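Beneath this line is the structure, given in structure tokens, with notes to follow.
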Amino acid sequence: MAFNWKTFWTRASTALIFVAVMLTGLFWNQYAFFLLFTVIHFGCWYEYQQLVGKFEPRYTKITPVHRWAVQLAGWCVLLYFTGDQFVWGDLSLHAVGWWLGLLLLFMLPITELLFSRNIELINIRYSFLGVLYISLSFGLLMHLRALPEIGKIAPLAIIFTIWINDTMAYLVGSMIGRTPLSAISPKKTWEGTLGGILLAVAAISIWAWLIDLPVPHAIAISLIAAISGTVGDLLESKLKRMAGVKDSGQIMPGHGGFLDRFDSLLLATPFVWIYFQLFILR
């Protein structure tokens, strides 16, 4: 098969733009970080609702108020977890998240009763699962970013681990992969998965040593992020299979959608956050 240069340049240019936007949001300041993950949050929510609607037709009938209010309620989780580090004058994003979240919590059931012809509990369940899956995860990431002293490093450790794990798993799997990991994602192999995890842990451990951070913590965090991130990838693949689609969206030509890019981060973040609470912040 002839090499498709058009496809290659499309994927390469999209990847460069993606990396540039991500690095700007990650390194500029906490407000750029918040803005970046606000966009990602709403993008993931849009695709999540589209996916659920494909395998659960009743979810497509939720009212526009339900559709957008649950996304705003989820965004309030991000606002709430900003803590005391995100303040504009006398305006605290944490306080905005708290009060706006309470308002939406009060208004959403009332609007459902007023505007929905038939309230389906399964629709409420899928929306609640979306808050846990997407909003809580990004909220916990925001909480890690708001930590004093280590706030800049903690999110980077998770994200860099996932990027390295994904890349190395693909390369190792392409070279020596023989044993399928799961029927959910046939292209993934045990050899590639284990190779990606080990190389990601090694890379993050070396990085921690170079910048004088505790290497044992780096090993634990990168191991947790790599393993849970792999499971997160499989979980999103299961959602796509249930929906009968190849990609969650088309926002990034050649790379899929928001959920395709951040599925690993969505599951890795809560587990790394728990590790921080138990062993670093206690």
Side-chain angles (χ1 to χ4, degrees), residues 1 4 7-8 10-12 14-15 18-19 22 40-41 43-56 59 126 129-130 132-138 141 157-204 221-272:
M1 182 182 294
N4 191 324
T7 300
F8 170 77
T10 298
R11 290 177 60 88
T14 303
F18 171 74
V19 170
M22 285 295 297
I40 294 170
H41 170 266
C44 286
W45 256 108
Y46 172 78
E47 293 178 358
Y48 172 79
Q49 290 178 333
Q50 295 296 308
L51 288 177
V52 173
K54 290 182 183 299
F55 63 78
E56 179 46 75
Y59 197 73
Y126 278 121
L129 288 174
L132 293 180
Y133 177 48
I134 299 170
S135 302
L136 179 60
S137 180
F138 287 139
L141 189 69
I158 304 173
I159 293 169
F160 287 171
T161 296
I162 290 170
W163 284 358
I164 296 168
N165 179 47
D166 287 349
T167 303
M168 293 299 105
Y170 173 77
L171 293 176
V172 174
S174 299
M175 291 187 290
I176 63 172
R178 298 290 183 274
T179 312
L181 176 66
S182 170
I184 298 173
S185 186
K187 293 184 179 180
K188 292 186 182 297
T189 64
W190 276 105
E191 293 84 357
T193 299
L194 293 175
I197 291 171
L198 291 175
L199 290 171
V201 171
I204 295 300
I221 290 169
S222 56
L223 186 62
I224 292 169
I227 294 174
S228 55
T230 300
V231 176
D233 192 324
L234 293 174
L235 175 61
E236 197 247 353
S237 295
K238 177 66 174 179
L239 283 175
K240 291 190 294 185
R241 176 164 291 196
M242 291 169 63
V245 298
K246 181 178 182 294
D247 296 320
S248 65
Q250 300 297 329
I251 189 66
M252 289 172 275
H255 294 273
F258 284 99
L259 284 175
D260 293 316
R261 292 299 92 202
F262 298 100
D263 50 3
S264 297
L265 184 63
L266 288 174
L267 204 65
T269 297
F271 287 100
V272 173

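Keep in mind that what you see is a predicted model, and the values were worked out from it rather than measured.
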Does any non-hydrogen side-chain atom of [Y] lie less than 4.5 Å from one of [X]?
X: Ile221; Y: Thr161; result: no
X: Leu51; Y: Leu259; result: yes
X: Ser137; Y: Phe262; result: no
X: Gln50; Y: Val245; result: no
X: Ile134; Y: Glu47; result: no
X: Pro270; Y: Leu136; result: no
X: Leu171; Y: Met168; result: yes
X: Leu265; Y: Leu141; result: yes

Practice task
Please state whether the rings of Tyr133 and Tyr48 are parallel, tilted or perpendicular, taking 30° and 60° as the class boundaries.
Solution key: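 Tilted.
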Practice task
Kindly give the heavy-atom pair with the smallest separation between Ala200 and Ile164, and that separation in Å.
Solution key: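 Looking at all heavy atoms of both residues, the shortest contact is CA-CG2, 3.6 Å.
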Handout entry: Non-hydrogen atoms of Ser228 and Leu267 that approach each other most closely
Key =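 So the minimum-distance heavy-atom pair works out to O-CD2, 3.5 Å.
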Problem - Spacing of Phe55 atom CZ and Lys240 atom NZ [to the nearest 0.5 Å] - result: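 Phe55 CZ to Lys240 NZ: 13.5 Å, rounded to 0.5 Å.
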Handout entry: Euclidean distance, Thr230 OG1 relative to Leu235 CG, rounded to 0.5 Å
Key =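 Leu235 atom CG to Thr230 atom OG1 measures 12.5 Å (nearest 0.5 Å).
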Could I get the full list of side chain to side chain donor-acceptor pair (under 3.5 Å) partners for [X], not counting sequence neighbours?
X: Ser264; answer: none
X: Ser174; answer: none
X: Tyr46; answer: none
X: Thr193; answer: none

Problem - Non-neighbouring partners of Asp263 that pass salt bridge (charged side-chain N to carboxylate O under 4.0 Å, His left out), sequence neighbours left out - result: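 For Asp263 there are no salt bridge (charged side-chain N to carboxylate O under 4.0 Å, His left out) partners, ignoring immediate neighbours.
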Exercise for the section: Please indicate whether Phe258 has more than 12 foreign heavy atoms, meaning atoms of other residues, nucleotides or ligands, lying under 6.0 Å from its CZ. Expected result: yes
Practice task
Inspect the surroundings of OH in Tyr170 and state if more than 12 heavy atoms from other residues, nucleotides or ligands are less than 6.0 Å away.
Solution key: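 No - once you tally the heavy atoms of other residues, nucleotides and ligands closer than 6.0 Å, there are 12 at most.
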Exercise for the section: Examine distances only and state if a side-chain atom of Asp260 and a backbone atom of Gly257 form a donor-acceptor pair shorter than 3.5 Å. Expected result: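 Side chain of Asp260 to backbone of Gly257: a pair is present.
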N/O donor-acceptor pairs under 3.5 Å from side chains in residues 175-185, not counting sequence neighbours:
residue: Thr179; atom: OG1; partner: Glu191; partner atom: OE2; Å: 2.9
residue: Ser182; atom: OG; partner: Ile184; partner atom: N; Å: 3.1

